[in-house]
Amino acid sequence: MTWQNWAGTASADPARRYWPRTAEAIADTVREAALAGLTVRVLGSGHSFTAAAATSGAALDLSGWTGVISADTKSGLVTVRSGITLRSLNAALDMLGLAMRNLGDIDAQTISGAISTGTHGTGARLGGLATQVAALELVLADGSTVSCSEQERPDLFAAARVSLGALGVISTVTLRCVPAFTLVADERPMPLEEVTARFAEFAADNDHFEFFWFPYGKNALVKRNNLGVGQGVKPFPEWRRFWEYEVMENVAFGGLCRTGRAAPSLIKPLNKLAAATLSRRSYSAPSYRVFVTPRRVRFVESEYAVPRESVLDVLAELRRGVPRLADPVMFPVEVRVAAADDIWLSTAYGRDTAYVAIHQYLGLPYQKYFGLFESIMAAAGGRPHWGKMHTLDSERLRVLYPCFDGFLRVRDETDPERRFANPYLRQVFGP
Ligand SMILES: Cc1cc2nc3c(=O)[nH]c(=O)nc-3n(C[C@H](O)[C@H](O)[C@H](O)COP(=O)(O)OP(=O)(O)OC[C@H]3O[C@@H](n4cnc5c(N)ncnc54)[C@H](O)[C@@H]3O)c2cc1C
């Protein structure tokens with residue numbers, strides 16, 4: 001059966017598929033695949049735009065390897081089976097009175113798929129999901145199981161938290177969670193000029209700050225989510241949540257996108273219309289319900305991490321370049337922030353970071369837009385999101401990551417025969 005990712009940008013025909021339901025079965029599967037001379041890849045939820053999970057060898061589906069193994073509500077340490085989706089994880093943590101401190105935009109991913117590609121949300125003082133990992137257990141190429149944390153095998157831990165499945169199968173993840181908390185969401189349209197002028201202030205003054213900018217519109221949608229402040233802010237009624245996030249952001253926006261795809265000359269006016277109809281909303285809700293919104297309109301995406309101080313220059317270049325493109329752009333640009341971290345292949349390794357993500361509606365031409373974006377990002381020392389579209393190879397990536405060779409050394413130790421290889425890993429790590 002052919003495997004395909006969410007965006008339809010990657011597909012593969014695995015020689016064998018396995019659905020292990022125990023840690024022993026994961027190890028047996030790796031051994032069995034090795035005996036058959038097959039490479040091994042884990043399939044997450046298929047939400048990477050790159051072919052990170054694609055394999056013609058053995059595909060491990062961990063959808064039967066889910067749930068919480070242990071939870072210590074005092075320390076916040078929670079160990080989960082690696083196939084659990086963020087949606088199930090958030091619900092399970094909520095029942096325990098706990099939460100993930102920071103999350104990305106959606107919750108369809110598996111925890112192991114999300115950390116493996118460096119999935120992140122936004123927050124100038126916060127890191128991505130992998131920074132919330134306290135320990136991991138991995139099944140290595142020889143079928144043995146090892147655990148790692150800051151104290152135990154620290155090099156493996158520094159490498160394995162964002163490792164694209166190159167070091168082994170992550171079987172369990174121990175997360176450092178926080179007590180469940182409420183976020184007060186403030187979302188409002190604002191002139192792009194004002195957002196860029198106040199970018200540093202917004203990043204510093206808010207727990208979670210991001211904005212969306214429609215390339216031909218003058219307005220941006222600014223989202224500021226803060227922990228439990230904002231007296232008088234009411235919860236969102238369910239009908240309003242449905243209206244804003246399902247109807248307006250998915251059904252209505254999907255309709256505009258389809259119209260634009262059928263008549264590309266309308267894309268610029270439709271884009272301006274979408275920017276002009278952005279509305280203000282302010283509400284409070286459990287954190288994970290604020291972080292996550294449904295994304296039903298399919299698109300392709302590229303995202304790069306740049307040193308935070310260069311983000312305004314990058315955006316200015318993009319603003320100059322996009323109107324000159326022959327093919328118009330339907331989707332907004334998303335800008336987020338994160339704190340520097342110490343995970344070797346994290347896109348925020350060693351530097352306070354801003355993320356710029358570009359999207360295009362599925363079926364519309366995107367190659368020139370993404371090419372322009374990559375050239376702007378190259379000049380700014382941008383690092384591509386491992387799960388989103390990019391063309392960089394190992395030579396280019398080595399320059400961007402001070403610990404790139406350290407990662408390759410750990411890979412040589414854990415997977416000398418390249419049991420976990422696939423074409424995408426050959427692109428980014430070399431032959
Ligand atoms: C609509 C949409 C919204 C998104 N929003 C965000 C966002 O807000 N922030 C962000 O940073 N990214 C975002 N992404 C990207 C997404 O979070 C990442 O691509 C993530 O890796 C997808 O997780 P997955 O479970 O689908 O993993 P997959 O894409 O299936 O796999 C990713 C990689 O992880 C490996 N892997 C999975 N499980 C294991 C395991 N147990 N052991 C070893 N390796 C494993 C796979 O082999 C593969 O290499 C978004 C993507 C989409 C489609």
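In each ligand, atom 1 is the first atom listed, and ligand 1 is the first ligand listed.
Inspection of the Asn422 and Thr55 side chains reveals no N or O donor paired with an N or O acceptor under 3.5 Å. With no hydrogens or angles considered, a side-chain donor-acceptor pair links Asp13 and Thr2 at under 3.5 Å. Between the side chains of Tyr355 and Thr347, a donor-acceptor pair is found at a separation under 3.5 Å.
Screening Phe407, Tyr304, Tyr401 for a ring-ring contact (aromatic ring centres under 6.0 Å, His included) with Trp386, the sole residue that qualifies is Tyr401.
In this structure, Ala305 and Thr353 approach most closely via the heavy-atom pair CB-CG2, 3.6 Å.
Contact shell of ligand 1 (protein heavy atoms, cutoff 4.0 Å): Trp6, Arg41, Val42, Gly44, Ser45, Gly46, His47, Ser48, Phe49, Ala52, Ala53, Leu62, Ser82, Gly104, Asp105, Ile106, Gln109, Thr110, Ser112, Gly113, Ala114, Ser116, Thr117, Thr119, His120, Leu164, Gly165, Gly168, Val169, Ile170, Arg295, Phe299, Arg336, His385, Gly387, Lys388.
At a threshold of 4.0 Å, the pair Arg398-Asp405 counts as salt-bridged, since one of the basic side-chain nitrogens sits closer than that to a carboxylate oxygen.
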